[in-house]
Amino acid sequence: MARQQVAAAAALAATLAAIAGAAAVLASELYRRRCRRLATRVRELEASLAASTDKAAAERRGRVRAQQSLRKALSEQELSSDNNKNNKKKQITSPKSFPMASIGVVQSCFSTRNGTPRQPLVVPLARATVVLDPSRVPAEALEGLADYSHCWILYVFHLNTDLDKMWNDPARSKLKAKVRVPRLKGGKIGVLATRSPHRPNPIGLSVAKVEAVDGHSILLSGVDLVDGTPVLDIKPYLPYSDGVKGAAIPNWLEVDDALTVESIHISEHFISALSDCWMHVQKQSLYASADEFQDLVKEVLSWDIRSLSQRIRPHEVTIKDVTDNGGSKIDNGCNNDEDRQSIDSSTSVIYHLHLEGIDVSYRIDQDSNIVVENAALLSSAVNQHRYSYLTWRER
């Protein structure tokens, strides 16, 4: 009996071992089949990816050829048009136009060209927001920009007075080879040796400090950009390549005090008027308080922002044709030579600076002493939808 039980146990063990072996073989076969299926799927995906890559490359080559053909056709059209006007004139074979559009717009503290710094970083408190067009630039394109301290802004001088002629009648738009330079007190120099906005192509280049990035918008400081400026491109500033050691400049640029003012006095009337204006603009201003805005005014006016004609040619005014504290002119019709000679014309002229929707009026005397007299709210400042200090505060 015991032998039979032992034999049965041995048989059962053998059967179980056989079953376990069969199960192992089956599992191994299933694993191999699964691996073969996965390998086949990987090859199919790789083939699909290669086909898609080839298709994308072919489409890209097609677009490049189409763009080249378009530029060639536009160039030939322009050359043909020019040849018809003047067959004797030798033409340039390079294309004259390229497909290009702005990618965004600037919301700046400077409402007009007057007062906008002539160079970037001259007024550290000058702030602006670059708002990019989501249909042209996805938010991911700005990823990593906040890690840079500064960036380059390429833009269009959209307020140039000669733009209409350049666009509507380019044949009559002749390049001015020389322009007047403020530091030379009206002296002329070659336009390509200056930063003049009136160039062969109205393209500007400015460096600015990157304060914050949020979605499709960038907060900048130290800007020399006027409100509404169309932006063409943004590039990071690279100190190792953009900052050239030992770079030389002409002697006329080394006159540090050529455009600086002697002093700036803020009148009590201005402080009071600014307080009234600030209640209307503070929710849409890039500045935290009226005091910070006042600091901006001082920074802007620390350089003589008047045009060459305003500085070189004395303004002829009469004793009666002066401005009261409210900024409105009073003219009683007195207009003779004796009156002209009995008053310092430079102190009688009121100049205006538009910042953040506020009209800042000031006087400057012959010794470059400035008195900031009044602040008035501009009608264009009401109900504007702009990025403000409150928007960027958490950033």
Results of side-chain hydrogen bond (donor to acceptor under 3.5 Å, both in side chains) for Ser241 - residues two or more places apart only: none
Contacts of type side-chain contact (heavy atoms from CB on, under 4.5 Å), residue Ser263, not counting sequence neighbours: Asn369
Looking at every non-hydrogen atom in both residues, tell me the closest pair between [X] and [Y] and how far apart they are.
{"X": "Val223", "Y": "Ala128", "answer": "CG2-CB, 3.9 Å"}
{"X": "Val261", "Y": "Trp303", "answer": "CG1-C, 4.1 Å"}
{"X": "Lys188", "Y": "Lys178", "answer": "CB-CB, 4.1 Å"}
{"X": "Glu29", "Y": "Arg32", "answer": "OE1-NH2, 2.8 Å"}
{"X": "Trp252", "Y": "Ala193", "answer": "CZ2-O, 4.2 Å"}
{"X": "Tyr387", "Y": "Gln107", "answer": "N-OE1, 3.1 Å"}

With distance as the sole test, does [X] use its side chain to make a donor-acceptor pair with the main-chain N or O of [Y] at under 3.5 Å?
{"X": "Asp359", "Y": "His352", "value": "no"}
{"X": "Glu292", "Y": "Ala288", "value": "yes"}
{"X": "Arg127", "Y": "Leu286", "value": "yes"}
{"X": "Ser275", "Y": "Ile271", "value": "no"}
{"X": "Asp365", "Y": "Asp367", "value": "yes"}
{"X": "Thr129", "Y": "Leu219", "value": "no"}
{"X": "Ser302", "Y": "Glu299", "value": "yes"}
{"X": "His216", "Y": "Ala139", "value": "yes"}
{"X": "Arg199", "Y": "Thr194", "value": "yes"}
{"X": "Ser272", "Y": "His269", "value": "no"}

Might you work through the side chain to side chain contact (heavy atoms under 4.5 Å, CB included) test for Val210 and Cys151, ending with a clear yes or no? CA-CA 7 Å; Val210 180; Cys151 69; 3.7 Å; yes
Sub-4.5 Å side-chain heavy-atom contact between [X] and [Y]:
{"X": "Ser388", "Y": "Tyr287", "value": "no"}
{"X": "Arg195", "Y": "Arg118", "value": "no"}
{"X": "Leu192", "Y": "Pro200", "value": "yes"}
{"X": "Tyr362", "Y": "Ile305", "value": "yes"}
{"X": "Thr260", "Y": "Asp304", "value": "no"}
{"X": "Asp214", "Y": "Trp392", "value": "yes"}
{"X": "Ile370", "Y": "Arg363", "value": "no"}

Apply side chain to side chain contact (heavy atoms under 4.5 Å, CB included) to Tyr155 and Leu225, showing your working. CA-CA 9 Å; Tyr155 55 95; Leu225 305 171; 3.4 Å; yes
Regarding [X] and [Y], do their side chains bring together a donor and an acceptor under 3.5 Å, going by distance alone?
{"X": "Ser289", "Y": "Asp291", "result": "no"}
{"X": "Ser361", "Y": "Glu373", "result": "no"}
{"X": "Arg36", "Y": "Thr40", "result": "no"}

Verify the cluster assignment for Ile266 and Val123: are they in a single hydrophobic cluster under the rule of side-chain heavy atoms below 4.5 Å apart? yes
Count I, L, V, M, F, W, Y as connected when their side-chain heavy atoms are under 4.5 Å apart, and connections chain through other members. Are Val156 and Val226 then in the same cluster? no
Just say parallel, tilted or perpendicular for the rings of Tyr237 and Trp152, cut-offs at 30° and 60°. tilted
Residue pairs fulfilling side chain to side chain donor-acceptor pair (under 3.5 Å) with at least one residue in residues 220-234, sequence neighbours excluded: Ser206-Asp224, Glu211-Ser221, Asp227-Arg386, Asp233-Lys235
Would you say Glu44 has more than 12 foreign heavy atoms packed within less than 6.0 Å of its CD? yes
Got a sec: does the OH of Tyr148 have more than 12 other heavy atoms crowding it under 6.0 Å? no
Apply side chain to side chain contact (heavy atoms under 4.5 Å, CB included) to residues Val130 and Ile234 and explain how you reach the verdict. CA-CA 10 Å; Val130 175; Ile234 297 173; 4.1 Å; yes
Please step through side chain to side chain contact (heavy atoms under 4.5 Å, CB included) for the pair Val372 and Ile264, ending with a clear verdict. CA-CA 7 Å; Val372 184; Ile264 300 176; 4.1 Å; yes
Do we get Arg306 above Tyr351's six-membered ring, with its NZ or CZ under 6.0 Å from the centre and within 45° of the axis? yes
